[in-house]
Q: 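The structure under discussion is supplied below as structure tokens; questions concerning it will follow.
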Amino acid sequence: MKIFHILFLFAFFSITISHASLNDFSVADLKAPNTPSGYPCKPLSSITSDDFSFHGFVAGNTNNSFKLGVTTATVTNFPALNELGISLLRMDLDQGGLAPMHTHPDATELLSVVEGEITAGFLTPTSFYSKLLKPGDIIVFPQGMLHFAVNSGKGKATAFGAFSSENPTTQILDILLFGNKLPSDLIAQTTLLDLAQVKKLKAQFGGSG
Ligand SMILES: *[C@@H]1O[C@H](CO)[C@@H](O)[C@H](O)[C@H]1NC(C)=O
């Protein structure tokens, strides 16, 4: 009986170990097309330590209308994240800066403030959840919820956001509504906004019509 036991355990672990060495990671081959289950893997023989580190995770350019700098490490610039279901963002806000209303339809986000003060929250069809965050504070934006962040402090603010996807998509409400060529009167009709306001925002977000 004991021998059986030991043989069984040995068989079990050898299966687990061989499985692990093949499937613990898959560094993306970005030259191949993406698939619903991620990018194809680079051959194990060509993977080195360099594949598992990322450099230049520094403040992004904040010289834009949102005074928002964004730096991301996702599978498209950090191929080792392929199939791992995780990625990272750095958000830098100048004084008065903000992240406009947006959603990540395919990822939950954890936002951790490391400098300054940020008011952040998300909307639901019936309510909102919002909080003033200081260094050491974290907020979670559940997958798909419309959310925002505003620098509500005196200086600059910095936060890091972790996503439950290696390749999260982002839909920014203003850009969806006003960065298009749909005629402004249709946007005004379907949003109940004033036509003049729609035209102003279209000019700001690169839309026309
Ligand atoms: C910020 O951007 C504007 C317009 O793109 C440009 O004219 C200006 O020189 C930039 N300022 C800095 C400090 O880079």
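Whatever order the structure lists them in is the order used to number ligands and atoms, beginning at 1. Keep in mind that the numbers below use all heavy atoms, side chains included, and drop hydrogens, waters and symmetry copies. Count residues from 1 along the sequence.
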Q: Apply side chain to side chain donor-acceptor pair (under 3.5 Å) to T72 and T74, showing your working.
A: CA-CA 6 Å; T72 56; T74 67; 4.8 Å; no
Q: Using a strict threshold of under 4.0 Å (side-chain N to carboxylate O), is an ion pair present between D92 and K156?
A: yes
Q: Evaluate the 4.0 Å heavy atom contact test for atom 10 (C) of ligand 1: does a protein atom fall under the cut-off?
A: yes
Q: Evaluating non-hydrogen atoms only, which member of N61, N63, T62 is closest to atom 1 (C) of ligand 1?
A: N63
Q: State whether any protein heavy atom lies less than 4.0 Å from atom 7 (O) of ligand 1.
A: no
Q: In terms of relative ring orientation, are Y129 and F122 parallel, tilted or perpendicular, with 30° and 60° separating the classes?
A: tilted
Q: Would you be so kind as to tabulate the donor-acceptor pairs closer than 3.5 Å made by side chains of residues 94-102, with sequence neighbours excluded?
A:
{"residue": "D94", "atom": "OD1", "partner": "T62", "partner atom": "OG1", "Å": "3.3"}
{"residue": "D94", "atom": "OD2", "partner": "T62", "partner atom": "OG1", "Å": "2.8"}
{"residue": "Q95", "atom": "NE2", "partner": "K154", "partner atom": "O", "Å": "3.0"}
{"residue": "H102", "atom": "ND1", "partner": "P100", "partner atom": "O", "Å": "2.7"}
{"residue": "H102", "atom": "NE2", "partner": "H104", "partner atom": "NE2", "Å": "3.3"}
{"residue": "H102", "atom": "NE2", "partner": "H147", "partner atom": "NE2", "Å": "3.0"}

